[in-house]
Amino acid sequence: NKKEAPQIGDLDDGGIYVGLSAEDDKPLHSALKDLPDYKTYEEALAAAEQLKSLHPTSHVPTPKELDKNLFDNRNIGHLKNTFNTSGATPGSVYRSSASYGGYTARVQWFGDGGQENSYRTYRLPVRLVW
C-alpha cells in the first residue's frame, strides 16, 4: 500500500509540503506559521539551529526557496492565509538565509514578490523550512 506523494499545500512531515526545493530538487516543507516574533538575521539562523533536533535539515529559506517554494505557492492548500501579504513593512517582508555584504541580507516582499537587500539587524518575519 504505497503512500501517495504529498501535493503542494498538503500537511506532511510536521509542516506543509512546498514542493521540490528550488535549490536542490529535494522535497521541502515549511513550518505551519511564521516564527512567533520578528527576527534579526542572526536570530533567524539561531532559530533554525534550534529546530534541527526535530528536523535535521531545518534552515531559513534561500532566496530561491523563498520565491519559488513559498511565495509562488502562498495561496495553495494549507499555506493559504498563513503569510502576511499586506505589503506593509515589516510584516510582509520575509527574511532569507542569504547574507549580502557585512550588513545586509536578501529579503522578499510577500505583497508583490520583489526581492531586495535589508539590514541584518532589522526584525522581520521568518518562515523556517526543512
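These figures come from a predicted structure and were not determined experimentally.
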List in chain and number order the residues that pass side chain to side chain donor-acceptor pair (under 3.5 Å) with [X], two or more places apart in sequence or in another chain; answer none if no residue qualifies.
{"X": "Thr82", "answer": "Arg127"}
{"X": "Asn117", "answer": "Arg106"}
{"X": "Trp130", "answer": "Asp13, His55"}

Report summary line: Taken in chain and number order and not counting sequence neighbours, the residues that satisfy ring-ring contact (aromatic ring centres under 6.0 Å, His included) with Tyr119 are Tyr122
Joint hydrophobic cluster, [X] plus [Y], side-chain heavy atoms closer than 4.5 Å:
{"X": "Leu70", "Y": "Val60", "result": "no"}
{"X": "Val18", "Y": "Tyr94", "result": "yes"}
{"X": "Leu66", "Y": "Val107", "result": "no"}
{"X": "Ile16", "Y": "Phe83", "result": "yes"}
{"X": "Leu128", "Y": "Leu124", "result": "no"}

For the residue pair [X] and [Y], establish whether any side-chain heavy-atom pair is separated by less than 4.5 Å.
{"X": "His59", "Y": "Val129", "value": "yes"}
{"X": "Leu32", "Y": "Leu11", "value": "yes"}
{"X": "Ser92", "Y": "Thr85", "value": "no"}
{"X": "Ile8", "Y": "Tyr17", "value": "yes"}
{"X": "Trp109", "Y": "Glu116", "value": "yes"}
{"X": "Asn84", "Y": "Pro125", "value": "no"}
{"X": "His29", "Y": "Asp12", "value": "yes"}
{"X": "Thr121", "Y": "Tyr103", "value": "no"}

Report task. Would you please name every residue forming a side chain to side chain contact (heavy atoms under 4.5 Å, CB included) with Asp67, sequence neighbours left out? Result -> Phe71, Asp72, Gln108, Gln115
Report task. Could I get the full list of side chain to side chain contact (heavy atoms under 4.5 Å, CB included) partners for Ser53, not counting sequence neighbours? Result -> none
Do you know which two heavy atoms are closest between [X] and [Y], and how far apart they sit?
{"X": "Gly101", "Y": "Arg120", "result": "O-NH1, 4.0 Å"}
{"X": "Tyr38", "Y": "Glu43", "result": "O-OE1, 4.2 Å"}
{"X": "Asp24", "Y": "Ser21", "result": "OD1-CB, 3.2 Å"}

For [X], look at atom [atom1] and say whether over 12 heavy atoms of other residues, nucleotides or ligands are found less than 6.0 Å away.
{"X": "Gln7", "atom1": "CD", "value": "no"}
{"X": "Lys52", "atom1": "NZ", "value": "yes"}
{"X": "Tyr100", "atom1": "OH", "value": "no"}

Report summary line: So CD of Gln50 and OG of Ser58: to nearest 0.5 Å the spacing works out to 10.0 Å
Report summary line: Interatomic distance, NZ@Lys33 vs NE2@His78, rounded to 0.5 Å, equals 14.5 Å
